[in-house]
Amino acid sequence: MKYESQRVAWYFFATCMLLFSLQIVYGFIMGFAHAGHDVLHEWIPFHTARATHTNLLVMWLLAGFMGAAYFIVPEEADRELYWPKLAYVQWAALVIVGVTAVIGFHFGWWEGRKFLEIPRPLDYLVVVDVLAFVINIGMTIWKGRRVTTTSSVLFFGLLMAAVLYLPGMIPTDNQTMDSYWRWWVVHLWVEGVWELIMGGILSYLLIKLTGMDREIVEKWLYVIVGLTFLSGILGTGHHYYFIGTPRYWLMIGGIFSALEPLAFLGMAMYAITIARRGGRQHPNRTALAWTVGCGVISFVGAGFLGFAHTIPQVNLYTHGTLVTAMHGHMAFWGAYAMLVLAIIAYATPALTGRRLHDRPAATFAFWTSNIGMIAMTLALAVAGVTQVVLERRVGMEFLDVQREIEMHFWGLIMAAALFTLGIGAYIWNFVQHGWPKGELEGGEGQPRQEIAKQPASDDAAAVPAE
Amino acid sequence: MLSKSAARAFFVGGTALCSLAFIGLTVDTIGRIPAQTHEENLTPAVIRGKNLWDESNCMGCHTLLGEGAYYAPELTRVYERRGPEFIAAMLRDPAAMYPGARRMEQYDFTDEEIADLVAFLAWVNEMDLNGFPAPPTLASAAAPSASSTSPVASGAGRPRVFEQMCVACHAIDGRGGSVGPALDGVADRVEPDFFERWLRDPAAVRPGTAMPRLPLSDAQLAELVAFLSQQHTEGAE
């Protein structure tokens, strides 16, 4: 850590840990309900648990992105945040809006639109809050000593994420139009601009962790985010197959969705190649594991499973079944949850000044949570495919099919228990690091926050690739 | 070897091109949606129904147009599948319709609100969805009963109300729900006048039964009684 104002990132990361824990609790409520034990029905009916589970995910990922930006951008721009105090106010506002929304869900204060359940008055507060964040980051880059590709890509991603929140607020009475605009937000976020944020954060982590030449890392960053948009924008079409939109979307969505794995494959190869070729052995191996893992699991979850599910002929039968939940879990985990956990694993030792990243708990967290998530995905896959065959192909009644697949949800619950164990270890490691009281390392021209043995800053220590 | 500026040009150019194409297609789609979704039938009742759909977060358990959660049935074609009476009865008292099964929230809708929701589902039912939901292509293979090969048993001879309401819980010829007993040969097992008494008020015949009192008109009742009275097993005929 080089700048005082980077400390604010820790508060965002701590918020992530808290919201993530809560998200898992609500996941268990839904898992047990699916397994036939909807014991909390009177207090937390399924749709409340569902809205809370997905919105907590969105909130903690956004908090993670914001924390990451507050940590990364000062170093990339070589200056303090433009308005350090505004960052703390913006953090507090985010927490207040988030907590209000989650409590509101338990009293039926919501919009009932998947992933965008937050009620309208809070939507406006979200927009104001995100604007404050984006302007602060933008000013920091603008007034900084240097403008790097990494920080520009990150900023452009964050800005577009804020702008693309707006189509979800267009009023309409037609359910089809409602869905149409909702996917402008949800799809263009997760398979569009969030991947810019992902690319920016990954590129920062790879430069720092491997010492690879910045020029090379950033050149390939352009190629990957280029591929993302080339496939992802028109790939939105895979949400427009069967909702009352023209038939041509079947072809457009099918073709461009088939290209989407390329972007994720690029992301995975980018992370693996750079990690192997980079010369520097940064001691924080845990952060590197999360970084490379993010590239690999996002390819499997978002790229491969997404591809299998969005072929129009397949989607005709899998649309609106648990197959979507199967793909969704691993995609969000690989692409975004692991990304945020990677930057937290990297930043926490620097922020707190306590280097506990090599503790057994940190390694245990990485492997256990990943094995747990893969097992969860498999359980949902079996449940989903069985549902598709029995309900969509054979024509059995919905509830009869659900009884048939109840046992797979016990499998899901066991896998989720393993996952929770891993995340518990991660959070324990985070808590052990303590408060963000790390000392600022080095002054101008001095070694940066890297370990003292490192000869110099990231660019000077760069190892050419060829 | 690719230079950084070429990589940047690829990113900026590709993104601009795809964004423009996407915006163009969006404009075209918005022009076509009114016809494809029969927007002319968006009555005030349908719009009130849509608002209720959102406020109640129905998507938190059900899917509509295949979108939502996967805890409760797909409702895109529910109007055709179950009919307005069944939907209204379900919304009035979900626990009574599927006793002991997965629970739906008791909403306490007014009669007018229920009518609005039914109107909304009727409107959705008419949309052109490019072939979704697909008919279950393996359905005939999975009903091995010999009688299911005859045209009558494939549903053609059954009253519409039977296909909409009764099969939600009861199976016949190996198809239908498993909440209540299968109805094959049911006429052999009960007195001839049983069906009418039973359908008018199940609880009066057997106190504590899980069978709900269905909202049937006299014509529908007569149709069902006639149909059920013919359900003899083949050997007994």
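Note on naming: letters A, B, ... go to the chains in the order of the sequence lines (proteins, then strands), and numbering restarts at 1 for each one.
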Region of Glu111(A) in contact with chain B, defined by heavy-atom distances below 4.5 Å: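 Only the backbone of Glu111(A) comes within 4.5 Å of chain B.
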
Can [X] and [Y] be counted as an ion pair, charged N to O under 4.0 angstrom?
{"X": "Arg247(A)", "Y": "Asp128(B)", "answer": "no"}
{"X": "Glu67(B)", "Y": "Lys114(A)", "answer": "no"}
{"X": "Arg82(B)", "Y": "Glu397(A)", "answer": "yes"}

Check: Glu39(B)/Asn174(A) side-chain N/O donor and acceptor closer than 3.5 Å: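 Yes, a side-chain donor-acceptor pair sits under 3.5 Å.
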
CZ/Arg160(B): more than 12 non-hydrogen atoms of other groups inside 6.0 Å: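 Open.
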
CE (Met169(A)) with more than 12 external heavy atoms under 6.0 Å: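 Atom CE in Met169(A) is crowded, with more than 12 foreign heavy atoms closer than 6.0 Å.
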
Sequence-distant partners of Glu191(A), side-chain hydrogen bond (donor to acceptor under 3.5 Å, both in side chains), two or more places apart: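 Applying side-chain hydrogen bond (donor to acceptor under 3.5 Å, both in side chains) to Glu191(A) gives His187(A).
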
Listed partners of Arg103(B) passing salt bridge (charged side-chain N to carboxylate O under 4.0 Å, His left out), at least two apart: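 So Arg103(B) forms a salt bridge (charged side-chain N to carboxylate O under 4.0 Å, His left out) with Glu42(A).
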
Minimum-distance pair of heavy atoms, taken over all atoms of Asp173(A) and Leu42(B):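 It is O-CD2, 4.1 Å.
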
Contact listing (chain A partner; residues 111-123 of chain B; heavy atom under 4.5 Å):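 Listed by number, the contacting residues are Phe120(B), Trp123(B).
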
Residues of residues 379-387 of chain A contacting chain B, heavy-atom criterion under 4.5 Å, by residue number: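 Within residues 379-387 of chain A, near chain B: nothing under 4.5 Å.
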
